[in-house]
Enquirer: 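Below is the structure I would like to discuss, written out as structure tokens.
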Amino acid sequence: MKQSLEIPRAVLCGALLLTLAACTTSPDVEPASGTNDVPHGIVLIVGDGMGAAHFTLARMLRGDEFRIGRLPHVGLVATGSADSRVTDSAAAATAYATGFKTNRGYLGLDPSGVSHPTVAEVAEARGLATGLVSTAKFGDATPAAFAAHVTNRRDTLVIAGQMLASGVDVLASTGLEWFGTDGAPTLQQLASDGGYVPVQTAAELQSVGAGPVLAVFPSGELDSESPELALHALASWALERLSGDPDGFFLLVEHEGTDTASHNNNLAALETSLRSLDEAVGIVMDFARQRGDILVIVVGDHETGGLQIGGTWSEPANSWGSDYHTGAAVPIFAAGPGAAAFDGFRENTAVGNTLLSLVRRMGQPASSR
Ligand SMILES: [Zn+2]
């Protein structure tokens, strides 16, 4: 292994203190890591609709508290779908989940309709603990792309059946108000049909016993986190539950509010969701740092709103160029074992293929268990 010649931060700051009396505000950067390391667990954090300007705004809002900026590996991801330069969340998440570009609206299928195993399904098959956690409503595209295979992302009942048959250990989202209305099953019905324990409050989540969990909370405004439970608290609970599996784990954490606020060109709502996403990243990174064997990735799936950072510090004049998605590339940040594989400017399929190759080296095949 190559020896680092870097001067330890403490020594450097000690010397600089003589002249600058500073350094205390400089945020920590997580240690860099190699390409070929295999993690014990993977946490993929998706800020839906987050392009470079969204991450820039989050950094301005959070200042020294900005946690995403401490992840040492940074790259760019081209987001186009198979049928368009401007993708949707279904095709975008399918690329991350399966390594295939597909048509807008498709989940877990390639453009000809052929189903491909997702990162979560491969992880399940190798005995890993798995979880899909989001502020989006139950069955929404990003988590669904990891556990469903349909040509219509709006087919919520079919998607629900497939997600509960996937074997994923933790399914958590919002959208509780949908259940039991308009021909939709109740949460209890859906959970018991799939062999899951239903959960709909923070208290129930904290006391839930063993077995697969289907947690659905009341929706937050514009897909922000549920008033019942902050995203960082949900992510923390999922990490505790999944990381104990000796075979390892895969966890998706999605913030949907960043996309919905951008569709609405609503800066105040966007700022609320950017803060809650970054707080969730902070909780995950605190957990990952203590263990040292968890790969954490933070990425957008596409840009939404054509957000522009304008004006001055005293007079910010941020503005929007669109109320839909754009074709701009999105940043990706990574820390932990295997993180260096996400450096560079790549297609979104490369993210999916890298995740698949990692989970195929984690856990063990069913035949040897
Ligand atoms: Zn969107």
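Remember, it's 1-based here, ligands and their atoms both numbered in the order they're listed. Just so you know, residue 1 is the first one in the sequence shown, and it goes up from there. Keep in mind it's a predicted model, so treat the numbers as computed, not measured.
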Enquirer: So, are D169 and R241 salt-bridged, with charged N and O less than 4.0 Å apart?
Expert: no
Enquirer: Is Y96 reachable from V122 through a run of I, L, V, M, F, W or Y residues, each pair having side-chain heavy atoms under 4.5 Å apart?
Expert: yes
Enquirer: Which atom, counting only N, O or S, brings H325 closest to the Zn ion (ligand 1)?
Expert: NE2
Enquirer: Please name the atom of D259, limited to N, O or S, that comes nearest to the Zn ion (ligand 1).
Expert: OD2
Enquirer: Going hydrophobic residue to hydrophobic residue with side-chain gaps under 4.5 angstrom, can you get from I283 over to I68?
Expert: no
Enquirer: Are the side chain of T312 and the backbone N or O of E315 linked by a donor-acceptor pair below 3.5 Å?
Expert: yes
Enquirer: Measuring to the Zn ion (ligand 1), does H302 have an N/O/S atom at a distance below 2.8 Å?
Expert: no
